[in-house]
Amino acid sequence: MPFNADESTLRLLISADTRLPAESITNVRAVKRSLDARDKNDIRFIYSATFDIDDKDYNKHSARFAKTVVKAPEKPVIAEVTGDIPQPAPVIVVGAGPAGLFAAHTLASRGYAVTLIERGRPIEERRRSVDSFWTGGGLDPESNIMFGEGGAGTFSDGKLTTRIKDARAELVAETLVKYGAPERITVDAKPHVGTDVLRRVVHNIRKAIEDMGGVVRFNTKLTGLVTEDGRVTAAVVNGDEKLSCCAVVLALGQAARDTYRMLFDMGVEITAKPFAVGVRIEHPQSVIDRAQFGRYAGHPRLGAAEYRLTGKTGSRGVYTFCMCPGGFVVASSSNEGEVVTNGMSYAARDAENANSGIIVQINPSDLGGAPFCGVEFQEKIERAAFRLGGGDYTAPAERVVDFLNGDAPQGFTSVTPTYRPGTKPCDLRKCLPGTVYRGVADGIRAFSRQLRGFDMPEAVLTAVESRTSAPVRINRDENGEATRLRGLYPVGEGAGYAGGIVSAAVDGMRAAERIIAQYKA
Ligand SMILES: Cc1cc2nc3c(=O)[nH]c(=O)nc-3n(C[C@H](O)[C@H](O)[C@H](O)COP(=O)(O)OP(=O)(O)OC[C@H]3O[C@@H](n4cnc5c(N)ncnc54)[C@H](O)[C@@H]3O)c2cc1C
């Protein structure tokens with residue numbers, strides 16, 4: 001359908017395609033919608049839609065449209081298997097990010113006793129800590145972009161794209177809609193909700209868990225585990241309080257370096273895994289719109305344009321990450337003395353700049369392969385960026401032209417960096433290892449061949465983009481339990497099994513189902 005046509009014309013298009021009389025087509029409903037802008041003179045929305053026709057019309061016309069129309073697939077059913085053993089103690093879910101929230105929600109909605117513990121603070125208090133940090137008020141190591149109600153993605157673009165093929169992904173979208181996300185996320189091929197809406201949704205999910213009998217505790221950090229005969233029997237929180245449990249769902253996220261180290265010291269198997277680091281680039285959104293939509297740039301039906309680009313630097317991958325149209329680069333530190341970037345946008349995606357990470361793949365073998373080699377590498381470059389920026393969470397940044405030419409960094413010109421508390425023109429080679437610096441430069445050159453203007457001289461690079469995924473994996477067996485400790489279910493991004501909001505939520509649900517399959521509520 002031409003992008004500027006009204007959705008109500010779907011019925012006429014279906015009629016033309018199937019040669020069914022328009023009046024026998026009813027209940028037209030779009031089920032998927034994606035944008036095809038490959039031909040900038042003929043930008044189209046591609047729809048899959050369902051509709052009803054009565055049996056009489058179906059029998060009369062079926063031979064004609066057999067190739068265009070398929071029967072709507074049945075909704076996938078997730079088996080609800082319940083165990084026989086009465087649940088002896090609550091399930092402790094550690095972390096209120098998407099993995100932990102969806103694990104706790106699944107358990108509570110099936111009547112199981114569950115306590116969700118979160119080291120950070122509830123959303124309103126967290127928002128104040130984050131605002132204070134962004135305006136120069138100092139970092140709260142327990143309440144920031146990575147820690148607190150909703151987890152890491154709460155201050156994000158809220159992109160809900162996922163490459164995993166799991167029926168639960170649909171359920172995640174439906175649950176988000178139930179708690180306040182817009183209906184369109186179940187239809188759009190590249191759905192997003194924006195940080196403003198997402199904050200409300202995660203808060204509503206937490207309230208629902210409490211309404212269903214679950215207990216939610218903030219400012220409550222997992223600091224140890226009690227084990228008996230190779231099985232976890234209690235969680236230790238805030239150093240001295242023991243919470244008895246029948247299982248622990250460990251949904252830590254990737255920033256909980258202290259907790260990773262505590263678990264490793266007590267014998268939980270943790271290994272290094274590949275990850276990626278780099279910088280965040282900002283262009284005017286209008287440049288991206290023009291490159292993607294040509295003369296239709298800025299049309300309200302098209303919104304702010306996106307991109308996703310990949311390339312090679314030697315034998316390594318370099319790619320854009322977490323592109324935020326009409327958004328902001330955000331300070332995402334969770335440890336003192338470290339500078340970290342990421343991106344977010346509001347539902348309207350109407351800010352001046354587009355941003356994305358440009359990241360280069362790092363393998364454990366590059367760093368010696370020890371379990372924490374990736375964590376140590378991240379810490380090193382985050383501290384280098386902190387020092388380079390001047391030691392007050394100002395981020396080092398550089399114009400693309402200076403970065404590519406190796407020139408002394410000049411002030412920013414037509415692109416104003418959005419990172420708060422602020423940016424300082426710096427030579428980014430001073431905080432990026434050679435492989436990463438060369439990889440980012442190769443990436444910019446390669447991406448400019450795919451997207452006109454990507455290498456615009458005034459575009460700004462801000463360092464460092466280091467928290468793209470967990471550099472470790474908490475190993476688990478085929479039953480989802482930690483390899484060396486029964487009853488411990490590592491899930492989500494921090495455990496190395498998810499890479500985004502939806503996949504983390506799905507992984508959390510799966511762990512909950514495994515526990516439900518053992519116990520009776
Ligand atoms: C700024 C930003 C933008 C992003 N944008 C997107 C996006 O648009 N789309 C997308 O799909 N993904 C995005 N991501 C990634 C996404 O947020 C993560 O993949 C996702 O949140 C991982 O979910 P999780 O539940 O596994 O972990 P997290 O969301 O990290 O949650 C883990 C939680 O555990 C808590 N915790 C840690 N240690 C302890 C402990 N010892 N005791 C108690 N609690 C603990 C933390 O405080 C945290 O709240 C973004 C991330 C950031 C930082």
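All values reported here derive from a predicted model rather than from experimental measurement. Atoms within a ligand are numbered from 1 in the order they appear, just like the ligands themselves.
- For the residues Ile117, Ile501, Thr162, the heavy atom positioned nearest atom 11 (O) of ligand 1 is part of Ile501.
- Residue Ala99 has at least one heavy-atom neighbour below 4.0 Å for each of these atoms of ligand 1: 25 (O), 26 (O).
- Within the listing of ligand 1, atoms 8 (O) sit less than 4.0 angstrom from a heavy atom of Gly158.
- With Tyr489 as the aromatic partner, Arg514 does not meet the cation-pi criteria of under 6.0 angstrom to the ring centre and within 45 degrees of the ring axis.
- Neither the backbone nor the side chain of Glu149 comes within 4.0 Å of ligand 1, counting heavy atoms alone.
- Between Phe372 and Phe264, the distance separating the two ring centers is shorter than 6.0 angstrom.
- Counting protein heavy atoms only, atom 30 (O) of ligand 1 is closest to Gly253 CA, 3.2 Å.
- Nearest protein neighbour of atom 42 (N) of ligand 1, counting heavy atoms only, is Leu222 N, 2.9 Å.
- Taking 4.0 Å as the cut-off, Ala498 does not count as a neighbour of ligand 1 on heavy-atom distance.
- Remark: Glu149 engages Arg206 in a salt bridge, criterion side-chain N to carboxylate O under 4.0 Å.
- Closest protein heavy atom to atom 39 (C) of ligand 1: Arg119 CD, 3.4 Å.
- Scanning the protein for heavy atoms near atom 18 (C) of ligand 1, the closest one is Glu493 OE1, 3.3 Å.
- Protein heavy atom nearest atom 47 (O) of ligand 1, with residue, atom name and distance: Glu118 OE2, 2.5 Å.
- Aromatic pair Phe133/Tyr393: centroids less than 6.0 angstrom apart.
- With respect to atom 29 (O) of ligand 1, the closest heavy atom belonging to the protein is Ala152 N, 2.8 Å.
- Inclusion of Gly500 in the set of residues having an N or O under 3.5 Å from an N or O of ligand 1 is warranted.
- A cation-pi contact links Arg33 to Phe45, judged by a cut-off of 6.0 Å to the six-membered ring centre and 45° from its axis.
- The shortest side-chain heavy-atom distance between Tyr307 and Thr320 falls under the 4.5 Å cut-off.
- Looking at Asp157 against ligand 1, both its backbone and its side chain come within 4.0 Å, counting heavy atoms.
- Contacts of Leu252 with ligand 1, taken as heavy-atom pairs under 4.0 Å, involve both backbone and side chain.
- No N or O atom of Phe147 sits closer than 3.5 Å to an N or O atom of ligand 1.
- The distance criterion of under 3.5 Å between nitrogen or oxygen atoms is not met by Val330 with respect to ligand 1.
- A ring-centre distance under 6.0 Å is found for Tyr179 and His105.
- Panel note: side chain Ser333, backbone Asn335; no donor-acceptor pair is recorded below 3.5 Å.
- For ligand 1 and Cys322, the ligand atoms under 4.0 Å from any heavy atom of the residue are 5 (N).
- Heavy atoms of Gly508 stay at 4.0 angstrom or farther from ligand 1.
- Of all protein heavy atoms, the one closest to atom 7 (C) of ligand 1 is Lys159 N, 3.6 Å.
- Remark: the Asn353 side chain and the Glu282 side chain contain an N/O donor-acceptor pair separated by less than 3.5 Å.
- For Thr259, a nitrogen or oxygen atom sits less than 3.5 Å from a nitrogen or oxygen atom of ligand 1, counting backbone and side chain alike.
- Interface of Gly97 with ligand 1, defined as ligand atoms under 4.0 Å from a residue heavy atom, comprises 25 (O), 29 (O), 31 (O), 33 (C).
- The single protein non-hydrogen atom nearest to atom 5 (N) of ligand 1 is Ser156 CB, 3.0 Å, given as residue, atom name and distance.
- Atoms CD and CG, from Glu513 and Leu107 in turn, are 9.5 Å apart once rounded to the nearest 0.5 Å.
- For Glu118 and Arg126, the salt-bridge test fails: no basic side-chain N is under 4.0 Å from an acidic carboxylate O.
- Checked against the 6.0 Å centroid threshold, Phe447 and Tyr319 do not count as a close aromatic pair.
- Inclusion of Gly153 in the set of residues having an N or O under 3.5 Å from an N or O of ligand 1 is warranted.
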